[in-house]
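I have placed the structure first, in the form of structure tokens, so that the comments after it can refer back to it.
Just so you know, ligand 1 is whichever comes first in the structure, and atom 1 is the first atom listed for that ligand. Starting from 1, each residue takes its place in the sequence as its number.
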Amino acid sequence: MVGNDEIAELLLPETKLTPEELESRYPERSLPEGAYVTRFAPSPTGFLHTGSLFTAFLAHRLAKQSGGVFFLRIEDTDTKRTIAGSAEELIEQLARFGIIADEGFLPEGEKGDYGPYRQSERGEIYKVFVKKLLKEGKAYPDFCTAEDLARIRAVQEASKVIPGYWGPYARDRKLTNEERKVRILRGDPWVIRFRSEGNHDRKVRFHDEIRGDLDIAENDIDVVILKSDGLPTYHFAHVVDDHLMRTNLVSRGEEWIPSTPVHLELFRALGWERPRYAHLPVIMKLDHGNKRKLSKRKDPEAAVSYFLKEGYPPESLLVYLMSIANSNFEEWTEKEGSFDYRLFPFSLGKMSLDGALFDLDKLTFFSRELLARWRGKDMLPPLLSWAKENDHALARRVEKDPSYMEKILDIEKDRPNPRKDYAKWSDVAPATSFFYRDLFEPLEDKGFPYDPKYELTFVSSWLEECAGEMLYGVDEAAWWAGVKELASRRGFATRNKDYKERPGDYVGSLVDAAELLRLAITGAKRSPNLHEVISILGEEETKRRLLHEVRRSEESAQ
Ligand code: GLU
């Protein structure tokens, strides 16, 4: 009689370690009650998806909030899909969001006592448990070729049964050990499958921290646990890792809910306690009124790099993601007067279930709010580093005179309701270019957009007066009083009420007078506080602009 032990030895002769040795190599963690051990476990198959950032961020928050551990594991057992360098890129991008694991795969290398943290380097560990299952008769070798599997599928299709390697269709689960031995010794290629005890007509119940109790059809597929390349599948690898790395909360995308019964069955077969689960909602997008998943192909915002390239501060995106995670976060920010999500008690129980909807306008809103609280000196370094990569001309302007840009960024900041001009670094150049002489577009290029009720000769004489007599280097009240006086002399009504009552008595209102001035100085009808603008431009440049307008409008009037 050939026993299971003999088959296990024939299949995995090199595997000498025992489960007990591994259990003691990776002991239980001693952490305070209620501390979560969470992980982010990306497959290095491409760029960092916005949904993955969401998952990583929340796993990180949960660990930090509870005084636990967040680790990063690279799930690269699907070697055909692995893209070289993408794991490194991924962790660097996460680091830009301040998501740095306590242990695992880190930008500076591996750290932690539960490694290696790259699955492709844990081959021997998985085999120890595959061997254990083989010995216990809970796993078996399958010698099916691709053609054999195709044949099984064809039979299943013809008889309209659920496809897959299960029950009566699991051809090689019925082999005797004698038959197995012959095939192994003959050198037939094999994979190892788990022998499922499940029945898809029955339900298995598990508790999801977000969704509550879920009843899902049991697994009855004999899933592959060890592939022909000697590496495990995701199903098996992550169960072994989450056990040995002592994860107590598996937070991952909701696309894994249907496979959870397989994972539960594996935990049970291995005699391990199952972790808690939280299946996070997928990020959706409203597309012509229909909700759909963010698509890697169609939506640029599916890639985290899009936001970095546009120049959203990472912090803004995180604030926004927290607002999708917990709808009470926004209310909290108002109550606390803070956007510091680190202080917010994020709760899995308060997650929305019907798919988080990505809304660029909302991100813009949060980002503007956030940047409105930053002073120029804090904005300069991230602005410059963004500009160096994405807008060289802007970078040169900032580097040439950082304090000039700092002053611009500080306009109307020092007040309870600060200006909200910028949502992203790419907003800075268009909003600030008029401060730079070489970028300032004189109004003649725009066809003199002054109020047509004024003749150009009138405009030019008003501007000339301002250029000569406006006060410089004084505070706003004094400057404004001066402008008012000039305006009144020129025939503008200095009180709106007067102008409304007797428009015929005046050339216009103070608003009109200021608009002419603003247009000549900033090139636009709307601008930040004109007094601050003039103070930054300085007397010489302001006069130059005004006199240029005087000359050009005179010339044009002739
Ligand atoms: N490697 C899996 C993925 O990228 C991870 C799922 C999990 O977190 O368990 O989807």
Side-chain angles (χ1 to χ4, degrees), residues 36-63 68-83 85-91 93-94 99 101-105 114 116-123 126 206 208-211 214 216 219 223-225 227 231-267 270 272 274-283 293-296 302-304 325 348 351:
Y36 281 128
V37 179
T38 62
R39 82 294 193 280
F40 177 51
S43 301
T45 53
F47 58 80
L48 182 61
H49 195 273
T50 305
S52 311
L53 175 66
F54 186 58
T55 315
F57 174 45
L58 298 180
H60 183 234
R61 288 298 341 127
L62 286 165
V69 174
F70 169 72
F71 69 85
L72 203 142
R73 177 172 75 222
I74 299 295
E75 303 207 323
D76 57 349
T77 60
D78 191 350
T79 42
K80 282 195 270 335
R81 290 181 59 227
T82 296
I83 297 176
S86 73
E88 288 74 10
E89 203 175 300
L90 227 106
I91 50 169
Q93 285 198 334
L94 285 177
I99 302 174
D102 300 305
E103 60 183 60
F105 201 74
Y114 292 80
Y117 294 90
R118 210 185 242 276
Q119 288 184 332
S120 56
E121 290 168 19
R122 297 172 64 81
Y126 305 119
F206 73 95
D208 185 277
E209 301 295 318
I210 299 174
R211 293 149 211 273
L214 295 179
I216 304 196
N219 169 63
V223 292
V224 173
I225 55 176
K227 299 179 291 166
L231 285 170
T233 52
Y234 164 71
H235 296 312
F236 192 69
H238 93 281
V239 163
V240 170
D241 291 344
D242 282 332
H243 170 72
L244 292 180
M245 295 178 178
R246 312 295 171 182
T247 311
N248 59 18
L249 176 72
V250 168
S251 56
R252 59 184 176 187
E254 68 184 341
E255 68 274 19
W256 292 109
I257 293 178
S259 351
T260 306
V262 184
H263 307 154
L264 296 174
E265 212 185 347
L266 287 170
F267 272 106
L270 288 158
W272 296 334
R274 54 163 93 161
R276 296 212 235 171
Y277 286 97
H279 288 94
L280 300 170
V282 164
I283 298 191
K293 266 164 88 169
L294 266 189
S295 136
K296 287 189 199 179
V304 165
L348 285 172
M351 295 242 5

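- Inclusion of E255 in the set of residues having an N or O under 3.5 Å from an N or O of ligand 1 is not warranted.
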task: Go through the steps for L53 and L94 under the test side-chain contact (heavy atoms from CB on, under 4.5 Å), then give the verdict.
output: CA-CA 7 Å; L53 175 66; L94 285 177; 3.9 Å; yes

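- Considering backbone and side-chain atoms alike, H238 places every N or O at 3.5 Å or more from each N or O of ligand 1.
- Taking every non-hydrogen atom of E75 and a distance limit under 4.0 Å, the qualifying atoms of ligand 1 come out as 1 (N), 2 (C), 5 (C).
- Closest protein heavy atom to atom 9 (O) of ligand 1: Y234 OH, 2.4 Å.
- Atom CG of residue L58 and atom CE of residue M351 lie 5.5 Å apart, to the nearest 0.5 angstrom.
- Each of the following atoms of ligand 1 lies closer than 4.0 Å to a heavy atom of R252: 7 (C), 8 (O), 9 (O).
- For the atom pair OG1 of T79 and NZ of K227, the computed distance is 5.0 Å after rounding to the nearest 0.5 Å.
- In this structure, R39 is part of the shell of residues with a heavy atom less than 4.0 angstrom from ligand 1.
- At least one donor-acceptor pair under 3.5 Å links the side chain of T77 to the backbone N or O of P232.
- A ring pair (Phe, Tyr, Trp, His ring centres under 6.0 Å) with H263 is found for exactly one of F206, W272, Y234, namely Y234.
- Residue A41 has at least one nitrogen or oxygen atom sitting less than 3.5 Å from a nitrogen or oxygen atom of ligand 1, judged on distance alone.
- Within the structure, every pair that satisfies the side-chain hydrogen bond (donor to acceptor under 3.5 Å, both in side chains) test and touches residues 37-58, not counting sequence neighbours, is listed here: R39-D242.
- Of all the heavy atoms of F40, none lies under 4.0 Å from any atom of ligand 1, so neither backbone nor side chain is involved.
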